[in-house]
Amino acid sequence: MKDKVTIHTLKRLKQIGQKICMVTAYDATFARIFDQSGADVLLVGDSLGMVVQGHDSTLPVTMDQMVYHSAAVTRSTRRAHVVGDMPFMSYQVSPQDAVRNAGRLVTEGGVGSVKLEGGSEFADTVRAIVRASIPVMGHLGLTPQSVHKMGGYVVQGRDEEQGRKILDDALALEAAGAYSLVLEGVPLDLARTITQRLSIPVIGIGAGKSCDGQVLVCYDLLGMNPDFKPKFVKHYANLHGSITDAASAFFSEVREGVFPDEEHSFKATKGLRAVSAPAMSAGAPLASDAPVSAEGGEEKVGPVYGIPV
């Protein structure tokens with residue numbers, strides 16, 4: 001296994017011009033797959049509110065839910081750096097609340113850093129979290145927790161005033177101690193300028209190719225929702241079709257009595273004597289003799305799911 005990715009690894013990658021690969025993960029299975037596939041960063045995003053929970057925004061996601069999903073991801077991650085999102089209202093009230101909640105993501109969720117949305121107005125909050133020895137990733141541009149303020153999920157920074165504000169915010173976050181920055185939904189020329197001005201890695205999503213790395217929601221890159229086709233998303237697979245075909249085949253075989261067949265059923269290690277119902281008592285064995293191996297000792301029966309119990 002390659003060395004564990006840290007915040008210092010990510011800074012070195014920017015310095016040598018090596019693009020950073022980041023993807024969201026919300027459970028142990030996907031975390032293990034992406035980790036083994038070479039992800040540099042796994043983001044436990046509050047986007048789970050939409051892609052896992054079925055909400056129309058990230059706003060209903062709670063701290064307890066973020067801790068739960070973060071712990072699931074970190075338990076199956078060996079190499080990638082894991083970042084946990086600070087959900088809505090977990091850091092906006094006060095720096096003290098922010099430090100406390102960021103600490104939960106680290107101590108209970110096991111993440112290596114936290115991510116929060118917003119610019120210079122949260123510089124003091126970033127400083128407080130970093131002062132508590134918790135690395136912070138910033139998030140500017142299209143910030144989903146501000147969906148009502150923005151009037152929807154719209155590209156940010158298209159005019160000069162907005163672009164200058166985002167650049168100033170990026171510089172403020174860097175000065176406050178943020179180790180990295182996500183830029184979402186901004187014009188590629190603005191993203192290029194910010195990436196060049198900052199010494200910390202800039203990860204883009206809908207921000208063009210000049211960023212130091214890229215991030216996508218895992219369900220988007222895997223093509224699990226064919227109806228969701230924003231301009232910045234590329235489907236690298238069609239899991240919606242593959243899963244639909246697999247599930248349909250399973251349902252058909254069950255209805256036709258094809259599955260399970262003999263290959264997918266268990267057999268006794270020794271013939272069982274038929275026992276009439278009246279002779280059965282609670283807890284009585286089905287056969288009088290314990291299974292015996294060829295060597296004459298007691299048979300070692302393997303675990304059902306391949307994991308010893």
Inset, instruction - For K19, look at atom NZ and say whether over 12 heavy atoms of other residues, nucleotides or ligands are found less than 6.0 Å away. - result: yes
Legend entry - Residue pair T77 / T74, side-chain donor-acceptor N/O under 3.5 Å: no
Inset, instruction - Go through the steps for D46 and F88 under the test side-chain contact (heavy atoms from CB on, under 4.5 Å), then give the verdict. - result: CA-CA 9 Å; D46 60 359; F88 184 58; 5.9 Å; no
Legend entry - S113 versus H81, side-chain donor and acceptor atoms under 3.5 Å: yes
Inset, instruction - Taking the side chain as every heavy atom from C-beta outward, state whether C21 and F34 have any atom pair closer than 4.5 Å. - result: no
Legend entry - Student check: side-chain heavy atoms of Y91 and D97 closer than 4.5 Å: no
Inset, instruction - Please work out which of the three classes, parallel, tilted or perpendicular, describes the rings of Y26 and Y219, given edges at 30° and 60°. - result: parallel
Legend entry - Inter-residue atom distance T58.OG1 - H55.NE2, 0.5 Å rounding: 10.0 Å
Inset, instruction - Any chance you could measure R100, atom CZ, to S90, atom OG, to the nearest 0.5 Å? - result: 11.5 Å
Inset, instruction - Could you tell me whether the side chains of Q92 and Q145 share a donor-acceptor contact shorter than 3.5 Å? - result: yes
Inset, instruction - Determine, for E174 against R197, whether the closest basic-nitrogen to carboxylate-oxygen distance falls under 4.0 angstrom. - result: no
Legend entry - Over all atoms of both residues, closest heavy-atom pair of I194 and I166: CD1-CG2, 3.7 Å
Inset, instruction - For the residue pair Q196 and S210, establish whether any side-chain heavy-atom pair is separated by less than 4.5 Å. - result: no
Inset, instruction - Flag yes if V182 and L142 sit in one hydrophobic cluster, no otherwise; membership is Ile, Leu, Val, Met, Phe, Trp, Tyr, and two members link when side-chain heavy atoms are under 4.5 Å apart. - result: no
Legend entry - V41 vs I20, side-chain contact (heavy atoms from CB on, under 4.5 Å): CA-CA, chis, key distance, verdict: CA-CA 8 Å; V41 183; I20 297 166; 4.1 Å; yes
Legend entry - Check ion pair D85-K115 (N to O, under 4.0 angstrom): yes
